[in-house]
Protein chains: 2
Amino acid sequence: MTDERSADARAEVFQGVREARRNELAEDYVELIADLIQEQGEARPVDIAARLGVRVPTVTKTLDRLAREGLITRAKYRSVFLTSEGSALALECRRRHEIVLRFLIRLGLDPETAERDAEGIEHHVSERTLALFESYANRP
Amino acid sequence: MTDERSADARAEVFQGVREARRNELAEDYVELIADLIQEQGEARPVDIAARLGVRVPTVTKTLDRLAREGLITRAKYRSVFLTSEGSALALECRRRHEIVLRFLIRLGLDPETAERDAEGIEHHVSERTLALFESYANRP
DNA sequence: GTGAAAAGTTAGCAAAGACTAACTATGTGC
DNA sequence: GCACATAGTTAGTCTTTGCTAACTTTTCAC
């Protein structure tokens, strides 16, 4: 009985993690697209590819999926725009990213490692954890 | 110039994250296999599947890959064993998991959320971050 | 010791995310 | 205004990770 319950609980945890993993790439993309639009006025596949370290056709295919999911809009041979849903997700991601980053630096990590770790961690922190990170980063 | 360098730097970060993502599942498996062997004396596909919340054939297929990669050994219709490489990885994962978990709890997170978040975060923390987490968790 | 339940495997499907090669469109320099 | 470089797309491949359905093996109860 105990075993069953604990197996179920474990399964739920892993299902949650798998769910998060499925969303990671989309989050990376919309966050990056928002950054590019802000920095350069537009988000082009070639720049997305360079920033992510993948080839352009990989980006094309992923953008198709994001469009299918309603996070971006695009026209053939033109650059990419975020839908309002995509913008909202990008904002949320940026917020998480910044909190995690500030937290890690405040903890004493060098900024470069902090950036690396934040990129991996940000997709896996609950709101509750984020709140704790934030208050740690903000404490006097 | 600056743009190019920063794009390259970004790309390296993402390449690192993608690398970590590729290893996550293997790490989850060996960690769980080690737990099952310790708790129940053996690791059976049916239990692995139940704990991970996936179907048994999915487990079979992934175990094939882990065997191919030298992390486990197995015989048809028999339970799974870790190689020394697999054991070492499992130990390392457990260590990381426990440090992250203790850290989150010490930070004030409830144990259940801590467990969820630790499961996602543990694959993305550098040794440097881990050291900081550990000293925070151990401080008086 | 046999037969049914449980466990495990195999085959085959689908989607995602990576790649290369080959093609098409865009835009720029002269 | 045209040619060519750059950007983007399309097609096709591979691997991973999920699934179901169908089959085989093992185990256990009687």
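In this text, all values refer to a predicted model and were calculated from it rather than measured experimentally. So that the names make sense, note that chain A is the first sequence line, chain B the second, and so on, each numbered from 1.
Closest to the side chain of B/Arg68, from the set D/dT16, D/dA11, C/dT9, is D/dT16. Checking C/dT9, C/dA18, D/dG18 against every side-chain atom of B/Leu25, the shortest atom distance belongs to D/dG18.
Here the side chain of B/Arg95 pairs no donor or acceptor atom with the backbone of B/Ala90 at under 3.5 angstrom. The main-chain N or O of B/Leu109 is never found under 3.5 Å from a side-chain atom of B/Thr113 such that the two would form a donor-acceptor pair.
Using modelled atom types, one finds a donor on one side chain and an acceptor on the other under 3.5 Å when comparing B/Glu122 with B/His97.
Nearer to the 5' terminus of DNA chain C, by closest-nucleotide assignment, is the contact made by B/Pro57 (compared with the other of A/Tyr77 and B/Pro57). Between A/Lys61 and A/Arg78, the residue anchored nearer the 5' end of DNA chain D, judged by the nucleotide with its closest heavy atom, is A/Arg78. Along DNA chain D, the nucleotide nearest A/Leu63 and the nucleotide nearest A/Arg18 are compared for position; the residue whose nucleotide lies closer to the 5' end is A/Leu63.
Within the nucleic acid shown, B/Arg21 has no heavy atom closer than 4.0 Å to any nucleic acid atom. The residue B/Val54 sits close only to the backbone: its heavy atoms come under 4.0 Å of sugar-phosphate atoms, none of a base.
A/Tyr136 and A/Phe103 have perpendicular rings, their planes meeting at more than 60° on a 0 to 90° scale where under 30° would count as parallel.
The phosphate of D/dT10 has neither OP1 nor OP2 within less than 4.0 Å of any side-chain N or O from A/Arg55. Dashed line: the shortest gap from a side-chain N or O of A/Thr58 to OP1 or OP2 of C/dC19 is under 4.0 Å.
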